[in-house]
> 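Structure provided below as structure tokens; questions to follow.
Chain letters run A, B, ... following the sequence lines, proteins first, then strands; residues in each count from 1.
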Amino acid sequence: MPEGPEIHRVADRLAAAVLGKPLVRVEFAFPALKPYERKLRRRAIESISARGKALLTAFDNGWTMYSHNQLYGVWKVAPAGERPVTTRSLRVALETADTAILLYSASDVEMWRSDAIESHPFLAKLGPDVLDPRLDAAAVAERLRLLAFRHRALGGLLLDQGFLAGLGNYLRAEILFAARLLPTARPCDLTTAQLRTLTKACLAIPRLSYATRGVEPKPHMHGGYQAHEGRMFHFRVFKREGQPCERCGTPIVKTTSDSRPLFLCPRCQAAS
DNA sequence: CTTTAAACCTGCTGGC
DNA sequence: TGCCAGCAGGTTTAAA
């Protein structure tokens with residue numbers, strides 16, 4: 001469940017399912033986490049929240065579970081005792097009297113003392129979460145002016161979790177399209193108007209995705225996406241290679257930027 | 001300092 | 001059917 005909007009949605013779903021209820025059963029597939037099966041039994045989950053693409057599950061005994069889905073991790077909610085039919089490997093099961101939350105396939109799961117979680121190496125490097133409602137356009141504009149970021153090409157900068165946490169490959173493509181910029185453009189070379197458009201897109205696109213998305217990846221990774229609850233974030237360039245640009249009709253092109261696939265409109269996104 | 005490439009995590013596809 | 005290379009919405013590491 002890759003980018004910020006999806007992880008935040010998962011956090012919402014998991015929290016609604018199990019928050020505050022005592023755990024009757026806890027399972028970890030990782031040998032290093034086995035001791036926590038006992039420590040967490042009969043305890044309750046205090047909060048489940050997303051930080052960029054990381055998920056933090058805080059228990060009421062001072063421990064917090066850090067997990068990162070990377071490309072493969074999948075969280076599921078299931079009735080207590082039931083296990084979805086899947087070939088995936090179950091990594092974490094947190095089960096209350098009626099509901100369980102289950103983490104499959106993820107390989108990055110750690111337990112931290114809650115009071116030390118901020119020093120986790122991944123979290124410590126994160127920029128502000130793009131879905132944090134306290135983050136506004138002025139703050140993003142200020143980051144684009146920082147010495148550490150202003151000379152960087154946008155293709156790499158938008159993927160850098162230290163710039164803004166939660167952006168990923170599809171958001172990068174959609175932000176660049178909305179801002180009508182190429183991945184080679186750098187903040188220091190942009191006009192005031194371009195910077196303003198880019199700033200707005202950095203916030204608006206992820207938030208639109210979170211709000212409308214409900215998108216679920218199809219069961220297998222290359223199966224594309226499907227609407228969920230009748231709604232789905234609309235890709236204007238991502239994975240639309242060969243299809244006409246919605247603005248100008250020019251076929252969308254697939255390229256590579258920073259070793260990742262990038263889709264763009266060669267006409268709308270011209271060199272600045 | 002930034003950028004690039006490769007490695008690694010896992011699951012699935014497509015070709016032979 | 002079986003095997004393997006390649007790819008993917010990610011991150012880390014090392015090298016350039």
Side-chain angles (χ1 to χ4, degrees), chain A residues 1-10 29-30 32 50-55 66-76 84-92 102-110 120-127 129-131 144 146-177 182-189 205-206 208-210 213-226 228 232-241 254-263:
Chain A
M1 285 281 177
E3 305 186 25
E6 290 71 43
I7 302 297
H8 278 257
R9 275 193 168 274
V10 167
F30 306 98
R51 294 283 302 280
K53 299 168 196 166
L55 195 79
Y66 166 94
S67 62
H68 198 298
N69 282 14
Q70 224 181 16
L71 284 175
Y72 324 99
V74 176
W75 278 101
K76 292 183 184 297
V85 179
T86 175
T87 55
R88 291 170 174 274
S89 37
L90 181 63
R91 295 297 162 78
V92 178
L102 310 166
L103 177 59
Y104 291 87
S105 300
S107 54
D108 194 2
V109 180
E110 302 161 24
H120 185 288
F122 180 80
L123 300 179
K125 283 183 217 148
L126 289 185
D129 191 316
V130 78
L131 290 177
L144 284 166
L146 288 179
L147 197 56
F149 301 131
R150 58 181 303 162
H151 299 293
R152 306 246 325 253
L154 292 178
L157 184 60
L158 293 178
L159 291 177
D160 185 342
Q161 302 301 296
F163 171 58
L164 291 175
L167 298 185
N169 207 34
Y170 86 71
L171 289 171
R172 160 177 88 152
E174 297 299 325
I175 288 168
L176 287 173
F177 176 78
L182 289 172
T184 48
R186 304 183 301 170
C188 60
D189 297 329
I205 303 279
L208 179 67
S209 178
Y210 173 76
R213 178 137 173 153
V215 104
E216 297 277 305
K218 289 187 175 171
H220 45 277
M221 180 138 197
H222 302 293
Y225 305 84
Q226 57 194 348
H228 184 240
M232 167 168 179
F233 176 66
H234 177 64
F235 294 136
R236 299 179 76 183
V237 289
F238 188 72
K239 293 210 170 155
R240 297 200 51 180
E241 180 183 13
K254 179 180 184 179
T255 60
T256 296
S257 168
D258 303 272
S259 307
R260 309 285 301 282
L262 181 68
F263 302 80

> If you only use heavy atoms from C-beta on, which nucleotide in B:dT4, C:dT11, B:dG11 is closest to the side chain of A:F122?
C:dT11
> Whole angstrom is fine here: how far is it from CG in A:N69 over to P in C:dA8?
19 Å
> Could you check whether A:R172 gets within reach of a base, just the sugar-phosphate, or nothing at all, counting any heavy atom under 4.0 Å?
nothing
> Mind listing the closest non-hydrogen atom pair of A:Q161 and A:K53 along with its distance?
NE2-NZ, 3.2 Å
> Among the nucleotides C:dA8, B:dT10, B:dT3, which one has an atom lying closest to any side-chain atom of A:S107?
B:dT10
> Out of A:N69, A:L55, A:L103, which one pairs with A:V109 under the side chain to side chain contact (heavy atoms under 4.5 Å, CB included) rule?
A:L103
> Quote, to the nearest angstrom, the P distance that separates B:dA7 from C:dA5.
13 Å
> Decide ring pair (Phe, Tyr, Trp, His ring centres under 6.0 Å) for A:Y170 and A:F233; before the verdict, give the C-alpha distance in whole Å, the side-chain angles of both, and the deciding distance to 0.1 Å.
CA-CA 11 Å; A:Y170 86 71; A:F233 176 66; 5.8 Å; yes
> Would you indicate which nucleotide in C:dG9, B:dT4, C:dA8 comes nearest to any side-chain atom of A:D258?
B:dT4
> From B:dA5, B:dT3, C:dG9, pick the nucleotide closest to the side chain of A:N169?
C:dG9
> With both distances under 3.5 angstrom, what nucleotide forms a Watson-Crick or G-U wobble pair with C:dG9?
none
> If you only use heavy atoms from C-beta on, which nucleotide in C:dG9, B:dT2, C:dA8 is closest to the side chain of A:E6?
C:dG9
> Can you check whether A:T86 has a side-chain N or O nearer than 4.0 Å to OP1 or OP2 of B:dG11?
no
> How far does the P atom of C:dC7 sit from the matching atom of B:dA5, given to the nearest Å?
15 Å
> Considering every strand and a 4.0 Å limit on heavy-atom distances, what is the contact class for A:A148: base, sugar-phosphate, or nothing?
sugar-phosphate
> Give me the atom names and distance for the closest heavy-atom approach of A:E174 to A:V237.
OE2-N, 3.0 Å
> Quick one: look up who B:dC9 pairs with, Watson-Crick or G-U, both distances under 3.5 Å, and put none if it's unpaired.
none
> Are any of A:Q161's side-chain N or O atoms less than 4.0 Å away from OP1 or OP2 of C:dT11?
yes
> With a non-hydrogen cut-off below 4.0 angstrom, is A:G168 in contact with a base, only sugar-phosphate, or nothing?
sugar-phosphate
> Between C:dT1 and B:dG11, how far is it from one P atom to the other, in whole Å?
22 Å
> For A:K239 and B:dT13, what is the distance between atoms NZ and P respectively, to the nearest whole Å?
13 Å
